Amino acid sequence: MDIINIPTKYKLKEIKNLDELKKYLPKKFALVSLTQFSEYTKKIYEILKENYEIILKEGLYGIIVLGCYSEPANKEEGDTVLLIGNGKFHAENIIRKLKKKVIVYDPIYEEIKVYEPDYNFDKILEFLLNKLKNSKNIGIILSIKPGQYYYEETLKIKDKLEKSGKKVYLFIGDTIDILQLLNLSHI
């Protein structure tokens with residue numbers, strides 16, 4: 001099946017809650033956006049650039065963060081990122097990779113959320129890796145979504161784990177229901 005990606009854009013009527021957003025912004029921050037809000041983000045940039053030092057990344061996608069691609073937020077100067085978008089996925093990715101505070105401005109619901117870096121994340125990751133080392137049955141979830149499908153790499157990991165004596169189960173799909181995973185308590 002051919003996949004056709006058609007970019008969609010959020011239509012800007014007015015920027016709401018901007019005065020509230022300004023209460024959270026430091027004088028210097030990086031600005032990133034989800035694809036559908038890029039035009040909206042440009043309007044916000046034009047308003048804010050007079051009173052703030054806004055760090056923008058140049059390059060292939062400019063200010064756009066896509067999936068796990070958070071490179072536009074990766075600027076050494078500044079410790080805060082303003083993300084124009086919705087949801088928590090992109091913010092968490094920036095926090096984990098870059099250890100920066102992320103302010104999410106959701107233009108649809110006019111919400112502002114602030115996420116701080118969790119410096120315990122490395123300890124949690126270490127705990128989970130130790131649990132993995134001590135487990136006999138391991139499940140690997142593989143997404144078939146474009147840009148997330150790493151079948152060959154997954155087979156190499158599976159093979160390595162099996163050589164170390166572990167029983168490995170491979171789950172492949174584009175939608176994973178976490179509740180269904182509870183049925184696999186032996187893994």
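Quick note: numbers below take in every heavy atom, side chains included, and nothing from hydrogens, waters or symmetry partners. Keep in mind that this is a model prediction, so the values were computed, not measured.
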Query raised in the report: So Ile108 and Phe37, side chain to side chain contact (heavy atoms under 4.5 Å, CB included) or not? Walk me through it.
Result: CA-CA 10 Å; Ile108 294 175; Phe37 301 115; 3.8 Å; yes
Query raised in the report: Say you draw a straight line from CD1 of Ile141 to OG1 of Thr154; how long is it, rounded to the nearest 0.5 Å?
Result: 11.0 Å
Query raised in the report: Are Leu181 and Leu128 grouped together when hydrophobic residues (ILVMFWY) are joined by side-chain heavy atoms under 4.5 angstrom apart?
Result: no
**Report entry** Results of side chain to side chain donor-acceptor pair (under 3.5 Å) for Glu153 - residues two or more places apart only
**Finding:** none
Query raised in the report: Should the pair Lys42-Glu39 be classified as a salt bridge under the 4.0 Å nitrogen-to-oxygen rule?
Result: yes
**Report entry** Beyond-backbone contact of Tyr151 with Ile172, side-chain heavy atoms, under 4.5 angstrom
**Finding:** yes
Query raised in the report: Is there a side-chain contact between Lys28 and Ile55, using heavy atoms and a 4.5 Å cut-off?
Result: yes
Query raised in the report: Sequence neighbours excluded, which residues qualify as side chain to side chain contact (heavy atoms under 4.5 Å, CB included) partners of Glu110?
Result: Lys16, Asn17
Solution key, residues 163-170 side-chain donor-acceptor pairs under 3.5 Å, sequence neighbours excluded:
unit_1 : atom_1 : unit_2 : atom_2 : d
Lys163 : NZ     : Asp159 : OD2    : 3.2
Ser164 : OG     : Leu161 : O      : 2.7
Lys166 : NZ     : Lys133 : O      : 2.7
Lys166 : NZ     : Ser135 : O      : 2.7

Report task. Enumerate the residue pairs fulfilling salt bridge (charged side-chain N to carboxylate O under 4.0 Å, His left out) with a member in residues 82-92, sequence neighbours excluded, ordered by first and then second residue. Result -> Lys88-Glu92
Query raised in the report: Mind checking what makes side chain to side chain contact (heavy atoms under 4.5 Å, CB included) contact with Lys160, not counting sequence neighbours?
Result: none
**Report entry** Linked, directly or transitively: Phe127 and Ile187 (ILVMFWY side chains, under 4.5 Å)
**Finding:** no
**Report entry** Lys43: partners by side chain to side chain contact (heavy atoms under 4.5 Å, CB included), with sequence neighbours left out
**Finding:** Leu12, Ile15
Query raised in the report: Distance from Lys22 atom NZ to Asn51 atom CG, nearest 0.5 Å?
Result: 6.5 Å
Query - Contacts of Asn130 that satisfy side chain to side chain donor-acceptor pair (under 3.5 Å) - sequence neighbours left out - result: none
Query raised in the report: Sequence neighbours excluded, which residues qualify as side chain to side chain contact (heavy atoms under 4.5 Å, CB included) partners of Leu129?
Result: Leu125, Leu132
Query raised in the report: By ring-ring contact (aromatic ring centres under 6.0 Å, His included), which residues pair with Tyr45, not counting sequence neighbours?
Result: none
Query - Minimal non-hydrogen separation, Ser33 against Ser38, with atom names - result: OG-N, 3.5 Å
**Report entry** Set of side chain to side chain donor-acceptor pair (under 3.5 Å) partners for Tyr40, sequence neighbours left out
**Finding:** Tyr105
Requested in this report: For Glu46, check side chain to side chain donor-acceptor pair (under 3.5 Å) against everything at least two apart and list the hits.
Outcome: Lys49
Query - Electrostatic pair Lys158:Glu162 at N-O distance under 4.0 angstrom - result: yes
**Report entry** Gap between atom OH of Tyr52 and atom CG of Leu82 - 0.5 Å precision
**Finding:** 10.0 Å
Query raised in the report: In Å, rounded to the nearest 0.5 Å, how long is the span from CG of Asp106 to CG of Leu21?
Result: 11.5 Å
Report summary line: Nearest heavy-atom approach of Pro107 to Gly85 is CD-O, 3.9 Å
**Report entry** Heavy-atom neighbours of Phe171 CZ exceed 12 at 6.0 Å
**Finding:** yes
**Report entry** Joint hydrophobic cluster, Leu184 plus Leu179, side-chain heavy atoms closer than 4.5 Å
**Finding:** no
**Report entry** Atom pair CD1/CD of Ile103 and Glu116 - distance to nearest 0.5 Å
**Finding:** 8.5 Å
Query raised in the report: Tell me, do Leu48 and Leu25 make a side-chain contact under 4.5 Å, heavy atoms counted?
Result: yes
Query raised in the report: How close do Ala91 and Leu83 get, heavy atom to heavy atom, and via which atoms?
Result: N-CD2, 3.9 Å
Query raised in the report: Who are the salt bridge (Lys or Arg N to Asp or Glu O under 4.0 Å) partners of Lys113, not counting sequence neighbours?
Result: Glu111
Report task. Can you measure from CG (Leu31) to OG1 (Thr41) and round to the nearest 0.5 angstrom? Result -> 6.0 Å
